[in-house]
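Everything on this sheet refers to the single structure shown next.
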2 protein chains.
Amino acid sequence: MEDGFRSGCPINLTLEVLGDRWSLIVIRDIMFGNRRHFRELLQNSEEGIASNILASRLKRLLEHGLLTRVDDPSHKQKGIYSLTEMSISLIPIFAEMGAWGNRFLPVSEELSIRAQLLEEGGRPLWNDFMQELRVLHLGAIRDPQTPSVFGQLQAAYQAVVASREGS
Amino acid sequence: MEDGFRSGCPINLTLEVLGDRWSLIVIRDIMFGNRRHFRELLQNSEEGIASNILASRLKRLLEHGLLTRVDDPSHKQKGIYSLTEMSISLIPIFAEMGAWGNRFLPVSEELSIRAQLLEEGGRPLWNDFMQELRVLHLGAIRDPQTPSVFGQLQAAYQAVVASREGS
DNA sequence: TTTGACCGATTGTAATATGCAAGCGGTTTT
DNA sequence: AAAACCGCTTGCATATTACAATCGGTCAAA
C-alpha cells in the first residue's frame, strides 16, 4: 500500500502529480502552443518560467509518463518533447479549468478565447482535439474528415489579437 | 493590467488560485465530506494536513471568495465554513480530475467509487449535486423531487467499505 | 466548581521548493 | 573564425512546507 502517496483518493493523486504552479503550464504550452523544444517552452512562456524549474518539471513529467522525449535528428543537442495518452487525456480538465477561470477570474480577452471555444464545443470538440493531438504527438493517422481543432483555436486567438490591435 | 498575476490566461489564473497541494483537498473535504469546522477538517483528513497549513489555506480561500465563514452559535470558538457559488462551480473540475486519476493513477477502491459515480452520472448528476450544495451551503431551497446526490455518494462509499470488511 | 477534553489557531524550527542570474560544454549558423 | 544558439546546471537568496509543541479560551461531565 505504501507507495509514497498521501492517500489513494483520485483527486489527491491527481494533485500530487499535477498540483503545483508549473506542471500544467508546461503541458498547456506543449498542447495548445505546440512547443516541442526546451527553448521554445522557456522563451515563449507567457508566465516566464525559470530554466531550472522548466528542467525539473520536464524531468518529473517524463518520470510520471505525462511526456516522452526523443532526440531531434536535425540538431544533436535538441530533444523533442511529446504528449502521451495520459497527458492528452487532460483535455477535459483543461477545458473545465479554463471555463471556471473564465467565469470567476480576471482573464485577458485574447487569452480567454480558446477556453471559451473549448467550453462551447463541449465533449465532441474535445474528442476531436484529442484525436488531433494523437496525430501530432503519437503518430496516429489523421482522419481527413475532421477539421483541425488546433487550427480553429489558433485562428480565433489571432483574430482577437488582430481586432485589438486595430481598435 | 498588473494585478500580481503571472498572466491573464484562464488556466494560469486557475492554477494561481488553486494550484497547490492542499487548497483543493480542503474544498474537497468540505464538499464531499461535509466537514464544516476546523477540527473536522484537521482530524478526519485522509492526507493528514498540518494545522498551520490548514489555517493558512482556509484564510487564503476566504480571501479569494471560495469559502465563507460564520461563527457557530453553539460554540463561541467555532466557526462554520461554507462553500460559495465559486467553489460549488468547481464540481466539473473535481469530476474530471477524479475520472483522470481513476484511469491513470493507483487509486484505492473505496476512495475511487465516488469519482466513478460522478463520472458516470455526467453533467446532469453534477448539476443535481451543485444544487444540493447550494441548499447545504447557501441556504437555497431544496427541491424535494431531486434525490440527494450527497447521499448517493456516501452510500456507495459505505457499501464498498462494508463489502471489503466482509471479504 | 473543578477537571479534563476540546476549540481554532499560532509559534518555532527544519526541510524543501522556488525565483533569479550566471554559466557550462557543445552545436549550428554566418 | 566568430557569434548565436542548444539543453541544461549551478549557486544563492527567498518563500513555502512539514512537523511538533503549545497558546488562551470554552465546553461538558463529575
Side-chain angles (χ1 to χ4, degrees), chain A residues 2 4-7 12 15-27 29-30 33-64 67-82, chain B residues 2 4-7 12-13 15-27 29-30 33-64 66-82:
Chain A
E2 254 319 319
F5 290 117
R6 300 184 301 197
S7 88
N12 172 63
L15 281 174
E16 291 204 57
V17 172
L18 299 171
D20 68 271
R21 293 168 105 66
W22 290 113
S23 294
L24 282 177
I25 294 290
V26 172
I27 296 174
D29 284 350
I30 298 176
N34 203 33
R35 316 258 158 77
R36 307 296 291 271
H37 303 294
F38 189 95
R39 285 278 161 169
E40 283 181 305
L41 288 163
L42 185 66
Q43 294 178 330
N44 300 335
S45 168
E46 191 83 34
E47 289 83 16
I49 192 171
S51 61
N52 56 345
I53 306 285
L54 175 58
S56 84
R57 284 310 178 283
L58 287 171
K59 185 179 164 198
R60 224 178 87 93
L61 292 170
L62 288 172
E63 288 167 358
H64 280 100
L67 296 177
T68 57
R69 195 204 118 116
V70 295
D71 290 337
D72 184 340
S74 78
H75 190 303
K76 288 187 178 174
Q77 283 180 314
K78 281 188 182 177
I80 301 178
Y81 292 95
S82 295
Chain B
E2 254 320 319
F5 290 117
R6 300 183 302 197
S7 87
N12 172 64
L13 289 169
L15 281 174
E16 292 205 54
V17 172
L18 299 171
D20 70 88
R21 293 168 106 66
W22 290 112
S23 295
L24 282 177
I25 293 290
V26 172
I27 295 174
D29 284 350
I30 298 175
N34 202 33
R35 318 258 157 77
R36 306 297 291 272
H37 302 293
F38 188 96
R39 285 279 160 165
E40 283 181 305
L41 289 163
L42 185 67
Q43 295 179 329
N44 300 336
S45 168
E46 192 82 32
E47 289 82 15
I49 190 170
S51 61
N52 56 346
I53 305 288
L54 175 58
S56 82
R57 285 310 176 283
L58 287 171
K59 186 178 163 195
R60 225 178 86 92
L61 292 170
L62 288 172
E63 288 166 357
H64 280 99
L66 286 147
L67 296 177
T68 56
R69 194 203 120 116
V70 294
D71 290 338
D72 184 339
S74 78
H75 191 302
K76 288 188 178 173
Q77 283 180 315
K78 280 189 181 177
I80 302 176
Y81 292 94
S82 295

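Order of the sequence lines sets the chain letters (A, B, ...), proteins ahead of strands, with each chain counted from 1.
- Nearest heavy atom pair, residue V17(A) against residue S23(A), reads O-OG, 4.3 Å.
- Taking only distance into account, the side chain of Q77(B) never meets the base of dG8(C) through a donor-acceptor pair shorter than 3.5 Å.
- For dA9(C), the OP1/OP2 oxygens have no side-chain nitrogen or oxygen of R39(B) closer than 4.0 Å.
- Closest to the side chain of H75(B), from the set dC27(D), dA9(C), dC8(D), is dC27(D).
- In this structure, L41(A) atom CG and dC6(D) atom C1' are separated by 14 Å, rounded to whole Å.
- Following rounding to the nearest Å, I53(A) (CD1) and dA13(D) (C1') show an atom-to-atom distance of 13 Å.
- At least one donor-acceptor pair closer than 3.5 Å links the side chain of D72(B) to the backbone N or O of S74(B).
- What separates CZ of R57(B) from P of dG8(C) is a distance of 19 Å, to the nearest Å.
- One atom, OH of Y81(B), and another, P of dC7(C), lie 13 Å apart when rounded to the nearest Å.
- R21(B) has no side-chain polar atom (N or O) that falls below the 4.0 Å cut-off from OP1 or OP2 of dA17(C).
- Atom CG of D20(A) is separated from atom P of dT17(D) by 11 Å (rounded to the nearest Å).
- Within the 4.0 Å cut-off from OP1 or OP2 of dC8(D), at least one side-chain nitrogen or oxygen of R69(A) is found.
- Rounded to whole Å, atom C1' of dT18(C) lies 16 Å from atom CG of L15(B).
- Between R57(B) and D20(B) a salt bridge is recorded (basic side-chain N to carboxylate O distance below 4.0 Å).
- When distances run from any side-chain atom of N52(B) to the nucleotides dG11(D), dA9(C), dA18(D), the shortest one goes to dA18(D).
- Between the side chain of R36(A) and the main chain of Y81(A), a donor-acceptor pair closer than 3.5 Å is present.
- For the pair S74(A) and A50(A), both in contact range of DNA chain C, the more 5′-proximal nearest nucleotide belongs to A50(A).
- Separating the NE2 atom of H37(A) from the C1' atom of dT27(C) is a distance of 14 Å, rounded to the nearest angstrom.
- In this structure, the nucleotide among dC8(D), dG12(C), dA9(C) sitting nearest to the side chain of A55(A) is dC8(D).
- A side-chain donor-acceptor contact under 3.5 Å links E16(B) to the backbone of R6(B).
- As a whole-Å value, the separation of L54(B) CG from dG8(C) C1' is 9 Å.
- The base of dT9(D) is paired with the side chain of S51(A) by a donor and an acceptor separated by under 3.5 Å.
- Phosphate proximity of dA18(D) to W22(B): present, with a side-chain N or O under 4.0 Å from OP1 or OP2.
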